[in-house]
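This one's a predicted model, so the numbers in the text were calculated from it and none came from an experiment.
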Amino acid sequence: MLGLGVERLRADMNRLLALLFHQGVLDEQFLQLQQLQDESSPNFVSEVVNIYFQESEKLLRNLRSLLMDIEFSDYKKMGVHLNQFIGSSSSIGAKRVRNVCVAFRVASEQNNRLGCLRTLELLEHEYCYLKNKLHELLQIEQQRLLAAAVRYPVQH
């Protein structure tokens with residue numbers, strides 16, 4: 001029975017990953033990240049993803065702050081934040097977030113404030129979706145690890 005729970009959780013994880021790949025939310029870089037996790041670093045993916053979330057939220061706040069400034073004209077500074085966001089999103093395989101960042105950077109390079117505001121809204125939406133789904137995935141993984149670690153005494 002215990003093994004079935006672990007297998008069900010593994011199947012749930014695989015279904016969610018398949019959905020995220022099918023939707024284009026994640027790419028193969030996420031699988032490479034998972035391959036770096038082993039017994040010596042069982043929380044590697046979770047730690048990397050949480051760092052990504054912390055940094056991304058800072059970048060989103062900075063981008064929103066820049067665009068909300070009535071006197072805004074520093075598109076180069078916006079480009080620096082977007083390049084950071086593109087790089088970190090690429091490194092964890094956040095494909096749709098990265099793609100929106102690229103579109104945002106194009107609007108920024110064209111000094112298109114309205115385009116920047118629109119892509120910021122889309123970026124925040126894509127980021128929230130990614131964050132919710134990765135939290136769900138990491139939660140299933142944690143449950144799977146706990147279920148696999150539980151041992152019941154053998155009765156004679």
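- Taking 4.5 Å as the limit, every side-chain heavy atom of Gln110 sits out of range of all side-chain heavy atoms of Tyr75.
- Contact annotation: the side chain of Lys95 never approaches that of Gln29 to less than 4.5 Å [non-hydrogen atoms, C-beta and beyond].
- The distance from atom OG of Ser56 to atom CD1 of Ile92, rounded to the nearest 0.5 Å, is 7.0 Å.
- Look at Glu136 and Lys133 and you find a salt bridge, because one of the NZ, NE, NH1 or NH2 atoms lies within 4.0 Å of a carboxylate O, short of that distance.
- Remark: the backbone N or O of Ala94 is not paired with any side-chain donor or acceptor of Ser89 at under 3.5 angstrom.
- Counted within 6.0 Å of CZ on Arg113, heavy atoms from surrounding residues, nucleotides or ligands total more than 12; the atom is thus considered enclosed.
- Across all their heavy atoms, Ala107 and Gly115 have their closest contact at CB-C, 3.8 Å.
- Contact record, Ser108 with Gly79: OG-N, 4.1 Å, taken as the closest heavy-atom pair.
- Using cut-offs of 30° and 60° for the angle between ring planes, the Phe85 and Tyr127 rings count as perpendicular.
- Between Val102 and Val100, every side-chain heavy-atom pair lies at or beyond the 4.5 Å cut-off.
- Leu31 and Leu137 fall within a single hydrophobic cluster, where Ile, Leu, Val, Met, Phe, Trp and Tyr are joined by side-chain heavy atoms under 4.5 Å apart, directly or via other members.
- Taking OG of Ser88 as the reference point, atom CG of Leu59 lies at 6.0 Å (rounded to 0.5 Å).
- His81 has its side chain within reach of Leu66: a pair of non-hydrogen atoms, C-beta onward, lies under 4.5 Å apart.
- Between Phe104 and Leu63 there is a side-chain heavy-atom pair separated by less than 4.5 Å.
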Checking Glu121 against Arg64 for the side-chain contact (heavy atoms from CB on, under 4.5 Å) test, could you report, in this order, the C-alpha distance in whole Å, the side-chain angles of both residues, the deciding distance, and whether it holds? CA-CA 9 Å; Glu121 293 296 323; Arg64 178 152 297 283; 2.7 Å; yes
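- Across Val49 and Phe30, no two heavy atoms sit closer than the pair CG2-CE1, 4.3 Å.
- Contact check for Leu122 versus Glu126: side-chain heavy atoms found under the 4.5 Å cut-off.
- Glu47 CD to Phe44 CZ: the interatomic distance, rounded to the nearest 0.5 Å, is 8.0 Å.
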Given side-chain contact (heavy atoms from CB on, under 4.5 Å), test Thr119 with Arg105 step by step and report yes or no. CA-CA 9 Å; Thr119 52; Arg105 186 175 61 192; over 6 Å; no
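- Under the 4.5 Å side-chain contact rule for hydrophobic residues, Val80 and Met68 do not share a cluster.
- The CD atom of Gln32 lies 6.5 Å from the CD atom of Gln35; values are rounded to the nearest 0.5 Å.
- Counting heavy atoms from C-beta on, the side chains of Asn50 and His135 come closer than 4.5 Å.
- Using a cut-off of 4.0 Å between Lys/Arg side-chain N and Asp/Glu carboxylate O, Arg144 and Glu7 are scored as not salt-bridged.
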Hey, mind stepping through Glu124 and Lys131 against salt bridge (charged side-chain N to carboxylate O under 4.0 Å, His left out) and telling me if it holds? CA-CA 10 Å; Glu124 289 172 334; Lys131 185 175 180 180; over 6 Å; no
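- Considering CD of Gln139 and CG of Leu134, their distance stands at 12.5 Å, rounded to 0.5 Å.
- Leu17 and Leu26 make their closest contact through CD2-CD1, 4.0 Å (heavy atoms, listed as atom of the first residue, atom of the second, distance).
- Listed here is the closest heavy atom pair of Gln37 and Ser41: CG-O, 3.2 Å.
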Stepwise, does the side-chain contact (heavy atoms from CB on, under 4.5 Å) test hold for Met13 with Leu9? CA-CA 6 Å; Met13 267 186 65; Leu9 290 167; over 6 Å; no
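- At a threshold of 4.5 Å between side-chain heavy atoms, the hydrophobic network of Ile, Leu, Val, Met, Phe, Trp and Tyr places Ile51 and Leu60 in two separate groups.
- Between Met78 and Cys116, the shortest heavy-atom contact is SD-SG, 3.8 Å.
- Distance check: Leu82 CG to Asn62 CG gives 10.5 Å after rounding to the nearest 0.5 Å.
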Chi angles and distances behind the side-chain contact (heavy atoms from CB on, under 4.5 Å) call for Ile86, Asn83: CA-CA 5 Å; Ile86 290 167; Asn83 286 336; 4.3 Å; yes
